[in-house]
Amino acid sequence: QVQLVEFGGGLVQAGGSLSLSCAASGSGFSIDAMGWHRQVSGKERALVARITSGGTTVYADSVKGRFTISRDNAKNTVYLQMSSLKPEDTAVYYCYADSSRVTWPSFTARSWGQGTQVTVSS
């Protein structure tokens, strides 16, 4: 199983920037796609961005042009650079990693980070 630990988060004023990172660890698995979801209390988690092992990215429409996802495969780490932040970006941000077992029988699983609070004040 893959474990994920998130870093970053905090309070920032509208229009500001903030960076998040998420480091994966574990044995017996190779990491495929990684990404970020966010969740407002009482609501479902929603996709923010994802990136494949080859570097292909997908963004939610609400963050396109403002957020950038990247990864360092050697460090098993995914990053989220957030700029031009808006109050509606306030949420708990969770990173995830989709991983595949390297030995047979093969299966895939999604692991989640512990979550980090991002609060954007107006």
Side-chain angles (χ1 to χ4, degrees):
Q1 186 177 359
V2 173
Q3 290 79 44
L4 301 174
V5 179
E6 300 181 30
F7 300 90
L11 176 65
V12 63
Q13 290 185 322
S17 299
L18 198 64
S19 295
L20 307 179
S21 64
C22 176
S25 63
S27 61
F29 293 85
S30 64
I31 297 175
D32 303 314
M34 303 183 77
W36 298 86
H37 285 212
R38 64 187 181 186
Q39 183 176 30
V40 178
S41 181
K43 296 185 178 180
E44 297 290 329
R45 292 186 187 183
L47 175 71
V48 175
R50 66 186 289 264
I51 182 169
T52 69
S53 60
T56 301
T57 59
V58 175
Y59 295 93
D61 289 340
S62 59
V63 307
K64 286 181 179 177
R66 300 188 299 117
F67 290 12
T68 301
I69 188 171
S70 61
R71 66 189 289 170
D72 186 333
N73 291 334
K75 297 180 179 179
N76 292 321
T77 300
V78 63
Y79 307 90
L80 187 68
Q81 174 64 49
M82 303 180 290
S83 301
S84 301
L85 283 162
K86 305 174 181 179
E88 50 262 44
D89 295 319
T90 295
V92 177
Y93 285 69
Y94 297 89
C95 65
Y96 75 86
D98 294 332
S99 59
S100 302
R101 191 169 181 244
V102 297
T103 58
W104 68 269
S106 179
F107 66 90
T108 60
R110 174 163 290 184
S111 300
W112 293 94
Q114 79 277 14
T116 185
Q117 176 71 47
V118 173
T119 302
V120 184
S121 62
S122 60

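Position 1 is the first residue of the sequence; numbering continues from there. Given the structure is predicted, the values throughout are model-derived calculations rather than measurements.
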Please output the side-chain donor-acceptor pairs of residues 62-78 that fall under 3.5 Å, not counting sequence neighbours, one pair per line with the distance.
from, atom 1, to, atom 2, distance (Å)
Ser62, OG, Arg38, NH2, 3.3
Lys64, NZ, Asp61, OD1, 3.0
Arg66, NH1, Ser84, O, 3.0
Arg66, NH1, Asp89, OD2, 2.7
Arg66, NH2, Ser62, O, 2.9
Arg66, NH2, Asp89, OD1, 3.0
Arg66, NH2, Asp89, OD2, 3.4
Arg71, NE, Asn73, OD1, 2.7
Arg71, NH1, Asp32, O, 2.8
Arg71, NH1, Ile51, O, 3.1
Arg71, NH1, Thr52, O, 3.1
Arg71, NH2, Asp32, O, 3.0
Arg71, NH2, Asn73, OD1, 3.3
Asp72, OD1, Ala74, N, 3.1
Asp72, OD1, Lys75, N, 3.3
Asn73, ND2, Ser53, O, 3.3
Thr77, OG1, Lys75, O, 2.9

Quiz: residues 13-20 side-chain donor-acceptor pairs under 3.5 angstrom, not counting sequence neighbours:
from, atom 1, to, atom 2, distance (Å)
Ser19, OG, Gln81, OE1, 2.3

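Pairing each heavy atom of Ala91 with each of Val40, the nearest pair is CB-CG2, 4.1 Å. Taking all atoms of both residues into account, the shortest heavy-atom contact from Ala33 to Arg50 is CB-NH2, 3.6 Å. For Leu4 against Ser111, the heavy-atom pair with the smallest separation is CD1-O, 3.2 Å.
Linking ILVMFWY residues whenever their side-chain heavy atoms come closer than 4.5 Å, directly or via other members, places Val92 and Leu47 in the same cluster. The same ILVMFWY cluster, assembled from side-chain heavy atoms under 4.5 Å apart, contains both Leu80 and Ile31. Following chains of ILVMFWY side-chain contacts shorter than 4.5 Å, one can reach Tyr59 starting from Val120, so the two form part of one hydrophobic cluster. In the hydrophobic clustering of ILVMFWY residues, with side-chain heavy atoms under 4.5 Å counting as a link, Tyr94 and Val48 come out apart.
Ring-plane geometry between Trp112 and Tyr96 is classed as tilted, the angle between the planes lying from 30 to 60 degrees on a 0 to 90 degree scale.
Geometric assessment of Arg45 against the ring of Trp36 yields a negative cation-pi assignment under the 6.0 Å and 45° thresholds.
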Step by step, would you call Val118 with Met82 a side-chain contact (heavy atoms from CB on, under 4.5 Å)? CA-CA 10 Å; Val118 173; Met82 303 180 290; 4.0 Å; yes
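Looking at Phe107 and Phe29, their side chains come closer than 4.5 Å, going by heavy atoms from C-beta outward.
Side chains of Gln117 and Thr119: a donor on one and an acceptor on the other come within 3.5 Å.
When atom types are taken as modelled, the side chain of Glu6 and the backbone of Cys22 share no donor-acceptor pair closer than 3.5 angstrom.
Surrounding CD of Gln1 are at most 12 heavy atoms belonging to other residues, nucleotides or ligands under 6.0 Å away.
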